Protein chains: 2
Amino acid sequence: MLSKKTKYGIKALTYLASQSKREPVQISEIARHENIPQKFLESILLTLRNTGFLGSKKGKGGGYYLLKDPGEIPMTTVIRVLEGPIAMVPCVSLNFYEKCDDCPDENKCTVHKLMLQVRDSVLEVYRNNTLADLILA
Amino acid sequence: MLSKKTKYGIKALTYLASQSKREPVQISEIARHENIPQKFLESILLTLRNTGFLGSKKGKGGGYYLLKDPGEIPMTTVIRVLEGPIAMVPCVSLNFYEKCDDCPDENKCTVHKLMLQVRDSVLEVYRNNTLADLILA
DNA sequence: TGTTTACCCTATAGTTTTAGTAGATTAATT
DNA sequence: AATTAATCTACTAAAACTATAGGGTAAACA
């Protein structure tokens with residue numbers, strides 16, 4: 001299951017990406033428009049800022065804004081920051097690899113074999129979708 | 001992340017599928033061979049029995065055994081029973097559909113749009129893999 | 001200097017996961 | 001009939017994770 005954090009984060013990012021002007025948007029506006037609990041959204045936007053996706057401006061006229069072009073932001077990076085590893089099992093993770101406690105030999109593990117395929121197919125979807133791709137239509 | 005329940009369940013199923021003879025295998029043997037906590041495995045095998053994957057025999061010489069041919073068991077059905085919905089979000093689930101609280105219009109939801117693609121690609125992997133496919137090499 | 005906004009820290013209720021414990025039930029063997 | 005080897009059932013519980021809420025701080029702007 002996708003966590004609400006990730007869900008809300010994607011919605012917020014695409015909302016910012018769909019803005020005609022690249023000017024700061026207030027948290028409250030995003031929260032209202034996307035039906036997200038404001039305090040929760042606050043913490044999400046903060047992590048998106050700390051990981052280089054968003055810039056922010058304080059005070060009147062302040063808010064959050066995208067730092068890059070939506071077409072330059074693949075969903076792989078978004079998902080990894082918000083949700084964590086894309087792989088269903090650490091032993092098939094590219095960026096968060098970890099050996100399993102059970103399982104003496106990964107090459108003979110049926111779960112490993114299956115989840116490798118899942119990882120690859122999911123990865124391809126995320127790679128083929130940027131923020132810009134999600135907005136249209 | 002895949003739950004250990006699912007991981008252990010798949011391992012147990014493939015272990016049973018790889019048996020040359022279709023005779024009852026004891027829980028303790030599976031647990032030992034696959035490094036699974038026995039009591040945990042016990043409950044997993046029970047749900048696999050109650051959902052029609054396994055048969056069981058009590059008493060001496062008893063144990064669990066596959067009811068169908070491994071080639072007749074697609075991973076879609078295994079995953080759905082052990083892990084639940086394949087979709088990352090209820091609003092794109094085929095078997096467990098549910099509307100989102102936020103989100104007035106699914107067709108305009110960017111998360112929906114992305115997760116539909118993810119569901120389809122994952123589903124294809126699970127459909128193309130039966131228990132028999134996981135065993136070989 | 002007052003208002004508006006993001007920023008930061010803490011707490012917490014709820015749920016899910018991952019088991020462990022204790023004992024009942026069943027069936028084959030002796 | 002007694003013994004033994006299994007599955008079955010129910011209850012419990014620690015630990016981790018999720019999804020929030022609350023309250024105060026700091027910066028920008030007018």
Side-chain angles (χ1 to χ4, degrees), chain A residues 1-12 16 23-32 34-51 53-67 82-85 88-90 96 98 100-102 111, chain B residues 1-12 16 23-32 34-51 53-67 79 81-85 88-90 96 98 100-102 111:
Chain A
M1 276 292 154
L2 203 69
S3 67
K4 295 210 170 180
K5 179 183 178 184
T6 304
K7 187 183 179 188
Y8 293 158
I10 295 174
K11 282 192 163 194
L16 289 175
E23 281 170 1
V25 179
Q26 297 169 31
I27 296 176
S28 60
E29 179 185 335
I30 306 174
R32 208 181 324 113
E34 298 293 335
N35 295 302
I36 304 173
Q38 180 155 344
K39 266 302 188 180
F40 196 8
L41 178 58
E42 199 175 303
S43 71
I44 297 169
L45 293 176
L46 217 44
T47 78
L48 287 173
R49 201 209 65 164
N50 294 333
T51 48
F53 290 93
L54 301 179
S56 64
K57 197 182 165 190
K58 284 186 181 179
K60 202 166 193 175
Y64 283 94
Y65 52 91
L66 277 182
L67 283 178
L82 291 172
E83 188 78 1
M88 302 278 287
V89 176
F96 303 84
E98 223 172 304
C100 291
D101 292 338
D102 52 324
V111 176
Chain B
M1 276 292 155
L2 203 70
S3 69
K4 294 210 171 180
K5 180 181 176 184
T6 304
K7 188 183 178 187
Y8 292 158
I10 294 174
K11 281 191 162 193
L16 290 175
E23 281 171 0
V25 179
Q26 296 169 31
I27 296 176
S28 61
E29 180 186 335
I30 306 175
R32 207 181 326 111
E34 299 292 336
N35 296 302
I36 303 173
Q38 178 155 343
K39 264 303 182 180
F40 196 6
L41 177 59
E42 206 173 298
S43 71
I44 296 169
L45 293 176
L46 216 44
T47 77
L48 286 173
R49 200 208 66 166
N50 293 333
T51 48
F53 291 93
L54 301 178
S56 64
K57 196 182 167 192
K58 283 187 180 180
K60 207 168 193 173
Y64 283 93
Y65 52 91
L66 276 182
L67 283 178
I79 296 287
V81 161
L82 292 173
E83 187 77 3
M88 302 278 286
V89 176
F96 302 84
E98 224 172 302
C100 292
D101 292 339
D102 52 324
V111 176

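Every chain is numbered from 1 and lettered A, B, ... according to where its sequence line falls, protein lines coming before strand lines. Note that the coordinates shown come from a computational prediction; the quantities given were computed from them, not determined experimentally.
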Whole Å only: how far is the CE atom of A:Met1 from the P atom of C:dT15? 16 Å
Whole-Å distance, A:Lys7 NZ to D:dT18 P, equals 15 Å
In whole Å, what is the span from the CG atom of B:Leu46 to the C1' atom of C:dA24? 14 Å
Just to verify, what does A:Tyr65 make a ring pair (Phe, Tyr, Trp, His ring centres under 6.0 Å) with, not counting sequence neighbours? none
C:dT17 P sits how many Å from B:Glu83 CD, rounded? 7 Å
Does any non-hydrogen side-chain atom of A:Ile30 lie less than 4.5 Å from one of A:Val25? yes
For A:Phe40, ring pair (Phe, Tyr, Trp, His ring centres under 6.0 Å) partners two or more places apart: A:Tyr8
Show the distances under 3.5 angstrom between N or O atoms of the protein and N or O atoms of nucleotides 28-30 of chain D.
{"residue": "D:dC29", "atom": "OP1", "partner": "A:Lys57", "partner atom": "NZ", "Å": "3.1"}

From CG of A:Leu41 across to P of D:dA19 the rounded distance in Å is 14 Å
Name all residues meeting the salt bridge (charged side-chain N to carboxylate O under 4.0 Å, His left out) criterion together with B:Lys39; count only those two or more places apart in sequence or in a different chain, and write none if there are none. B:Glu42
Distance in angstrom units between A:Glu29 CD and C:dT5 P, rounded: 11 Å
Could you tell me which residues satisfy ring pair (Phe, Tyr, Trp, His ring centres under 6.0 Å) with B:Phe53, sequence neighbours excluded, listed by chain and number? none
Close side-chain approach of A:Leu54 and A:Leu67, heavy atoms under 4.5 Å: no
In whole angstrom, what separates B:Leu48's CG from D:dT7's C1'? 15 Å
Sequence neighbours excluded, which residues qualify as salt bridge (charged side-chain N to carboxylate O under 4.0 Å, His left out) partners of A:Glu98? none
Among D:dT7, C:dA6, C:dT18, the one nearest B:Lys5 by side-chain distance: C:dT18
Please tabulate, one pair per line, each protein N/O and nucleotide N/O from nucleotides 19-22 of chain C that are separated by under 3.5 Å, including the distance.
{"residue": "C:dA19", "atom": "OP2", "partner": "B:Tyr8", "partner atom": "OH", "Å": "3.4"}
{"residue": "C:dA22", "atom": "N6", "partner": "B:Lys39", "partner atom": "NZ", "Å": "2.8"}

Distance, rounded to the nearest Å, where B:Leu45 contributes CG and D:dA6 contributes C1': 13 Å
Residues forming a side-chain hydrogen bond (donor to acceptor under 3.5 Å, both in side chains) with B:Gln38, sequence neighbours excluded: none
For A:Leu2, enumerate each residue passing the side-chain contact (heavy atoms from CB on, under 4.5 Å) test, keeping only those at least two apart in sequence or located in another chain. A:Thr6, A:Lys7, A:Glu83, B:Met88, B:Val89, B:Val111, B:Met115
Whichever of A:Thr6 and B:Ser56 has the more 5' nearest nucleotide on DNA chain D, that residue is B:Ser56
How is B:Ile27 classified with respect to the nucleic acid when contacts are heavy atoms under 4.0 Å: base, sugar-phosphate, or nothing? sugar-phosphate
